[in-house]
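One structure is given below, encoded as C-alpha cells.
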Amino acid sequence: MLTTAGSLAMSAAPAPRDATIVEKLRKAGAIVLGKTNLSEWANFRSTHATSGWSGRGGLTQNPYVLDRNACGSSAGSGAAVAAGFTTLAIGTETDGSVICPASMNGIVGIKPTLGLVSRAGIVPISHNQDTAGPMARSVADAATLLTVMAGSDPRDPATIDADQHATDYRKYVVADGLKGKRIGVLRQYTGAEPNADRVLDQAITKMKKAGAIIVDPVKLPHIGDLGKDEMTVLLFDFKHDLNRYLATRKGLKVHTLADLIAFNKAHAKTEMPWFGQELFLMAEKKGPLTDKEYTEALERAKRHAGPEGIDAALEEHKLDALLAPSW
C-alpha cells in the first residue's frame with residue numbers, strides 16, 4: 001500500500017518499510033484491511049482547504065449525513081469506523097486531526113502524549129506536535145489499540161522514555177474509575193455550538209453520578225497567546241521534517257518541499273482544483289531550526305501550553321483532568 005499523504009506526487013513508489021506502529025499491530029495479530037483517505041498533507045497545504053479531501057482519494061463523506069464534513073485530517077479513519085467498515089483505525093494528529101474526525105463521526109479518538117507512540121514511517125508535519133492515535137467505536141477498543149501502539153522505538157528518538165510509561169490501558173476502563181476524581185470544566189471553549197454545549201452538560205451530569213468532583217468553571221491561561229507561535233513553529237518544522245522524510249523515499253520524483261510546490265503547480269487541475277498551497281509557500285520561505293524566530297516561538301508555545309497553561313490550571317485546582325467540548 002502506498003504512503004502518500006493523499007498527494008499524487010507521492011504515488012510513484014511505496015515506502016521502504018512499514019511504519020513502526022504497523023509492525024506492532026501485525027505482531028499483535030491485527031489484520032490491516034487497508035488505508036483510508038485523509039485531508040491532503042494532513043490539512044497543512046492551504047489556509048482554505050476542505051477537510052477530508054485529497055488529490056488521490058477525493059472527498060471523504062460523513063456516513064451519518066453524506067453532505068456534512070467528516071472533518072480531518074484523519075477523515076477516512078473516522079468515517080470508516082463510524083460506517084462499520086472496520087473495528088479499529090489509526091489517525092494522526094498535529095492539531096485536532098484525531099479529535100475532530102472522532103467528534104464529527106461520533107466515535108472515540110485519543111491523541112496520546114507526544115513521545116508515547118512512535119512516528120517512524122509517518123509523513124510528518126512537526127516533530128514537536130505529531131502523534132498517531134487510536135480511533136474506535138468504544139473507549140475499551142481505543143484503550144486496547146493504544147496498549148499495542150505505545151512504547152519506545154529507536155527509529156523515533158522522542159519515544160526514548162515511552163516504555164517507562166506505556167501500560168495496559170484497558171485496566172483503567174472500569175465502572176468506578178471517576179469516583180473521587182476532580183474534573184475541571186473549561187467554559188472558555190463553550191458558546192460556539194449549542195449542541196456541543198448540551199452534550200458537554202450531559203457528560204458533566206453523568207460524571208457527577210459516577211462520583212466525580214466537578215470544578216466549574218476553570219480558566220486555562222494563555223489561550224489567546226498560542227495560535228501565532230504555534231503556526232510559526234509548524235511552518236519551520238514542516239519544511240525541515242518533510243525534507244528529511246522525503247530523503248528516505250526512493251523512487252519518487254519529489255525530494256524536497258520545493259519539488260512538491262512545483263509538482264502542484266504543474267498538476268493544478270488535479271491537485272489544486274479548489275484551493276491552493278499557501279502554507280507550502282510560507283513554509284518554504286522559512287530558514288533552519290536555529291533561527292531566532294523559531295527558537296523563541298517554540299519556547300513561548302511550550303511554556304504557555306504547559307507550565308503556564310494546562311499544568312497551571314491542574315495545579316491551581318488540584319485537578320485530575322480538564323474537560324471541554326472536542327469541537
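We're numbering straight along the sequence, starting at 1. Everything quoted here is computed from the prediction, not taken from an experiment.
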Determine, step by step, whether Arg68 and Tyr64 satisfy the side-chain hydrogen bond (donor to acceptor under 3.5 Å, both in side chains) criterion, reporting the C-alpha distance in whole Å, the side-chain angles of both residues, the deciding distance to 0.1 Å, and the verdict. CA-CA 8 Å; Arg68 298 299 180 92; Tyr64 283 101; over 6 Å; no

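- Within the structure, disulfide (SG to SG under 2.5 Å) pairs that include any residue of residues 65-100 comprise Cys71-Cys100 (at least two apart or interchain).
- Under 4.0 Å is where a charged nitrogen must lie from a carboxylate oxygen, and between Arg119 and Asp130 no such pair does.
- Of the possible donor and acceptor atoms, one in the side chain of Ser152 sits under 3.5 Å from a partner among the backbone N and O of Asp163.
- Thr36 and Ser77 are linked by a side-chain donor-acceptor pair at a separation below 3.5 angstrom, with hydrogens and angles left out of the test.
- Thr144 and Arg170 make their closest contact through OG1-CD, 3.0 Å (heavy atoms, listed as atom of the first residue, atom of the second, distance).
- Atom CD1 in Ile310 sits 12.0 Å away from atom CG in Leu319 (nearest 0.5 Å).
- Donor-acceptor pairing under 3.5 Å is recorded for the side chains of Thr47 and Glu278.
- With rounding to the nearest 0.5 Å, the separation of CZ in Arg26 from CD1 in Ile21 is 11.5 Å.
- Here Ala203 pairs with nothing under the side-chain contact (heavy atoms from CB on, under 4.5 Å) rule; sequence neighbours left out.
- Between Ser74 and the choices Thr60, Asn43, Thr92, the side-chain contact (heavy atoms from CB on, under 4.5 Å) rule is met once, by Thr92.
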Before giving the answer on side-chain contact (heavy atoms from CB on, under 4.5 Å), spell out for Leu257 and Ile261 the whole-Å C-alpha distance, their side-chain angles and the decisive distance to 0.1 Å. CA-CA 6 Å; Leu257 176 58; Ile261 292 171; 4.3 Å; yes

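- Using a 3.5 Å distance cut-off with no hydrogens or angles, the side chains of Asn243 and Thr256 do not pair a donor with an acceptor.
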